[in-house]
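Written below as structure tokens is the structure these notes are about.
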Amino acid sequence: MKTILYNLHKAFKSKRARVMLLCLVSMFSLSAQTPRKDSGADGLNIAQPVMLGFRVPEEFWSHEFMIFENGKYTRQTLEKYRGKPLILDFWATWCPSCIAKFPKVDQFKQIYRDRMNFILVNSFDTDTQKIATVLTGEGTGQPTQTASIVNDVYLKQLFPHQSVPIYIWLDEYGRLQASSTANFLNDDQVRGMVERMKGGKQ
């Protein structure tokens, strides 16, 4: 035992050993203090992407969003959209093709009414006045009747994408059925989803 203690004492008398020990202690100290980027310790809640065929998390329905509807902004959850197929239409103010598709979404809303839900989602713009100008049709003469989530971060984490328009198709159980471009948004596909709901199984 004395020999072991003597060897340890001799080893740590060397300058190099003391420096190594100091480095190790500093390393463990930093590791304990530095939070992981996905831990939520920095105040950001990182949502995990939803895989095809899987349901959205329960938080999807209870998360509070800023929504532009009927000419004004309010804070709302998506709870009222639960239980019916839902299409999320991701768009941006700098995307003319996105805005050009608003009338088609409005048309589907009129046709399918309480059998199908639609909501626009803007995850790219922060200028709420500019967003409102586009949605109310100022300058274009084409106001949309579809509500829009604005200043979104959460939904873009659930359904990652780099370009718009992108359409996210959720069935009545909140399962991700498809992520598509505008070409896929047609009457056959929308009608098919509504009809599957009638006789679908959970």
Does [X] use its side chain to pair, donor to acceptor, with the backbone of [Y] at less than 3.5 Å?
| X | Y | result |
| --- | --- | --- |
| D106 | Q145 | yes |
| D125 | D127 | no |
| Y167 | A178 | no |

[X] and [Y]: same hydrophobic cluster, using ILVMFWY side-chain contacts below 4.5 Å?
| X | Y | result |
| --- | --- | --- |
| V105 | F184 | yes |
| F60 | V121 | yes |
| V153 | V150 | no |

Inset, instruction - Would you please indicate if the ring centroids of Y81 and W61 are separated by under 6.0 Å? - result: no
Inset, instruction - Taking the six-membered ring for Trp and the full ring for Phe, Tyr or His, determine whether the centres of F159 and H161 are under 6.0 Å apart. - result: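 They do not qualify: ring centres at least 6.0 Å apart.
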Distance-minimising heavy-atom pair for [X] and [Y]:
| X | Y | result |
| --- | --- | --- |
| T126 | N151 | CA-OD1, 3.4 Å |
| T74 | Q76 | OG1-NE2, 2.8 Å |
| F90 | C98 | O-SG, 4.3 Å |
| L158 | A47 | CD2-CB, 3.8 Å |
| K101 | A182 | CE-CB, 3.5 Å |
| L185 | V190 | CD1-CG2, 4.2 Å |

Inset, instruction - Check whether any side-chain heavy atom of I149 lies under 4.5 Å from a side-chain heavy atom of N122, and answer yes or no. - result: no
Legend entry - Heavy-atom side-chain contact between M116 and I87 under 4.5 Å: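 When only atoms from C-beta onward are counted, I87 and M116 do touch, with a gap below 4.5 Å.
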Inset, instruction - For side-chain contact (heavy atoms from CB on, under 4.5 Å), just list the numbers for Y73 and T128, CA-CA rounded to whole Å, side-chain angles, deciding distance to a tenth of an Å, and then say yes or no. - result: CA-CA 9 Å; Y73 285 106; T128 53; 3.5 Å; yes
If the threshold is 4.0 Å, N to carboxylate O, is there a salt bridge linking [X] and [Y]?
| X | Y | answer |
| --- | --- | --- |
| E138 | K130 | no |
| E172 | K84 | no |
| E69 | K80 | yes |

Quick one: [atom1] on [X] to [atom2] on [Y], what's the gap to the nearest 0.5 Å?
| X | Y | atom1 | atom2 | result |
| --- | --- | --- | --- | --- |
| L120 | F118 | CG | CZ | 10.5 Å |
| S179 | I166 | OG | CD1 | 5.0 Å |
| F124 | C95 | CZ | SG | 9.0 Å |
| F108 | D89 | CZ | CG | 11.5 Å |
| Q157 | D152 | CD | CG | 8.5 Å |
| L170 | L78 | CG | CG | 9.5 Å |

Inset, instruction - Output all residues satisfying side-chain contact (heavy atoms from CB on, under 4.5 Å) with Q177, sequence neighbours left out; order by chain, then residue number. - result: W169, D171, R175, M193
Legend entry - Pairs meeting criterion salt bridge (Lys or Arg N to Asp or Glu O under 4.0 Å) with involvement of residues 178-187, two or more places apart: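 Found D187-R191.
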Legend entry - Evaluation steps, salt bridge (Lys or Arg N to Asp or Glu O under 4.0 Å), between R82 and E58: CA-CA 11 Å; R82 190 198 285 260; E58 188 61 27; 2.6 Å; yes
Legend entry - W91 and F102 aromatic ring geometry - parallel, tilted or perpendicular at 30°/60° bounds: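 The rings of F102 and W91 stand perpendicular, inter-plane angle above 60°.
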Legend entry - Enclosure of F54 CZ (heavy-atom neighbours >12, cutoff 6.0 Å):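 Atom CZ in F54 is not packed in, count stays at 12 or less.
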Inset, instruction - For side-chain contact (heavy atoms from CB on, under 4.5 Å), just list the numbers for I119 and L86, CA-CA rounded to whole Å, side-chain angles, deciding distance to a tenth of an Å, and then say yes or no. - result: CA-CA 8 Å; I119 191 164; L86 170 63; 4.0 Å; yes
Inset, instruction - Just do the side-chain contact (heavy atoms from CB on, under 4.5 Å) check on H63 and L155 with the steps written out, would you? - result: CA-CA 10 Å; H63 186 93; L155 295 177; over 6 Å; no
Legend entry - Test side-chain contact (heavy atoms from CB on, under 4.5 Å) applied to T136 and F68, step by step: CA-CA 10 Å; T136 55; F68 185 85; 3.7 Å; yes
